[in-house]
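Right, one structure below, let's go through it.
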Amino acid sequence: MELLDLYDNNFNKLDKTIVRRVEEIPENTNIMMSYALIKNNNKFLLEQMTEKNNFKFAIPGGHILTNENGEQGLKRELKEELNLKGFDIKHIDTIKYPYNNYIFNIYLIEDDIDIENLVFQQEEVTKVEWFSKNEILKLIEADKIPRGYAYILEKYM
């Protein structure tokens, strides 16, 4: 059971929480996520998700839990999903996703990451690959990247 803080439309944390995937996000509130654009030699790292997500590709990251800030949540998610730790991250932006009640923290990691040594969270990630901007745009066009991740990639690549 994951407990998530709620935020107003100006990114202020409210004194309210919900249980992820159990409770609905109340009207005029948002939940927060953090994602990392991991870049190396003009290519971006994408995770291929498991069958429950139709093997589509995603940006590493995820939900911010209660009492975490964006960077803490991102570091936890990267350790859980890829066993990735000890990297330099740079905050790029915090935005309100226009299609639902989500706030996205966008970070950039420009470290030389050896994907051969990553350990995946079996329930969420099947593999990772490096993709050029053009390859990512083709994946988006082919509906191989869900809308939220596509929105971030198109805006910040």
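Here the structure is a predicted model, which means the values were calculated and not measured.
- Under a hydrophobic-cluster definition in which Ile, Leu, Val, Met, Phe, Trp and Tyr are linked whenever side-chain heavy atoms come within less than 4.5 Å, directly or via other members, I31 and Y99 are assigned to the same cluster.
- Residue W130 is tested with E135, K39, K43 for a side-chain contact (heavy atoms from CB on, under 4.5 Å); the sole match is K43.
- Counting only distance, with no hydrogens or angles, the side chain of T17 and the backbone of L3 share no donor-acceptor pair below 3.5 Å.
- Each of V128, L84, I38, V125 was compared with P60 under the side-chain contact (heavy atoms from CB on, under 4.5 Å) criterion, and only I38 meets it.
- Minimum interatomic distance between I109 and A36 (heavy atoms only, all atoms of both residues): CD1-CB, 3.9 Å.
- Hydrophobic clustering places L118 together with L78 (ILVMFWY residues linked when any side-chain heavy atoms are closer than 4.5 Å, directly or through intermediates).
- Placement of F104 and F57 within a single hydrophobic cluster is found when ILVMFWY residues are connected by side-chain heavy-atom separations under 4.5 Å, directly or transitively.
- Atom NZ of residue K75 and atom NZ of residue K79 lie 13.0 Å apart, to the nearest 0.5 angstrom.
- Within a 6.0 Å radius of CG in N41, other residues, nucleotides and ligands contribute 12 heavy atoms or fewer.
- Sorted by first and then second residue, the salt bridge (charged side-chain N to carboxylate O under 4.0 Å, His left out) pairs with a member in residues 116-127 read K127-E129; sequence neighbours excluded.
- Distance check: I18 CD1 to L6 CG gives 5.0 Å after rounding to the nearest 0.5 Å.
- Of the possible polar contacts, none joining the E77 side chain to the G73 backbone as a donor-acceptor pair under 3.5 Å is found.
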Worked verdict on E110 versus D88 for side chain to side chain contact (heavy atoms under 4.5 Å, CB included): CA-CA 8 Å; E110 290 188 284; D88 295 321; over 6 Å; no
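- Between G70 and N105 the shortest heavy-atom distance is CA-ND2, 3.7 Å.
- One distance of note links NZ of K13 with OG1 of T29; it measures 14.5 Å at 0.5 Å rounding.
- H63 approaches E68 most closely through the heavy-atom pair O-OE1, 4.3 Å.
- Annotation: side chain of I25 is not in contact with side chain of N100 (no heavy-atom distance under 4.5 Å).
- Each of Y35, Y107, F44 was evaluated against I59; a single residue qualifies, Y35, per the side-chain contact (heavy atoms from CB on, under 4.5 Å) test.
- Note: the hydrophobic cluster containing I64 does not contain Y102 (ILVMFWY, side chain heavy atoms under 4.5 Å, direct or indirect links).
- Contact between N101 and P26 at its shortest, heavy atoms only, is ND2-O, 3.8 Å.
- A donor-acceptor pair is defined here as one N or O able to donate and one able to accept, closer than 3.5 Å; such a pair exists between the side chain of N30 and the backbone of D8.
- Contact of the I89 side chain with the E71 side chain is registered, since non-hydrogen atoms from C-beta on lie closer than 4.5 Å.
- Taking CD of E47 as the reference point, atom CD of E81 lies at 4.0 Å (rounded to 0.5 Å).
- Using a distance-only test at 3.5 Å, with no hydrogens or angles considered, no donor-acceptor pair links the side chain of N53 to the main chain of K56.
- D111 contributes no side-chain N or O that, together with a main-chain N or O of I113, makes up a donor-acceptor pair within less than 3.5 Å.
- Expressed to the nearest 0.5 Å, how far CE of M32 lies from OG1 of T94 amounts to 6.0 Å.
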In a table with atom names and distances, give each donor-acceptor pair under 3.5 Å that connects a side chain of residues 144-157 to protein atoms at least two apart or in another chain.
{"residue": "R147", "atom": "NE", "partner": "Y97", "partner atom": "OH", "Å": "3.4"}
{"residue": "Y156", "atom": "OH", "partner": "D93", "partner atom": "OD2", "Å": "2.6"}

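- Put simply, the side chain of D5 gets close to the backbone of N67: a donor and an acceptor are under 3.5 Å apart.
- Within 6.0 Å of the CG atom in D114, the count of heavy atoms belonging to other residues, nucleotides or ligands exceeds 12.
- From L108, atom CG reaches atom NZ of K90 across 6.0 Å, with rounding to the nearest 0.5 Å.
- Note: the hydrophobic cluster containing I106 does not contain F87 (ILVMFWY, side chain heavy atoms under 4.5 Å, direct or indirect links).
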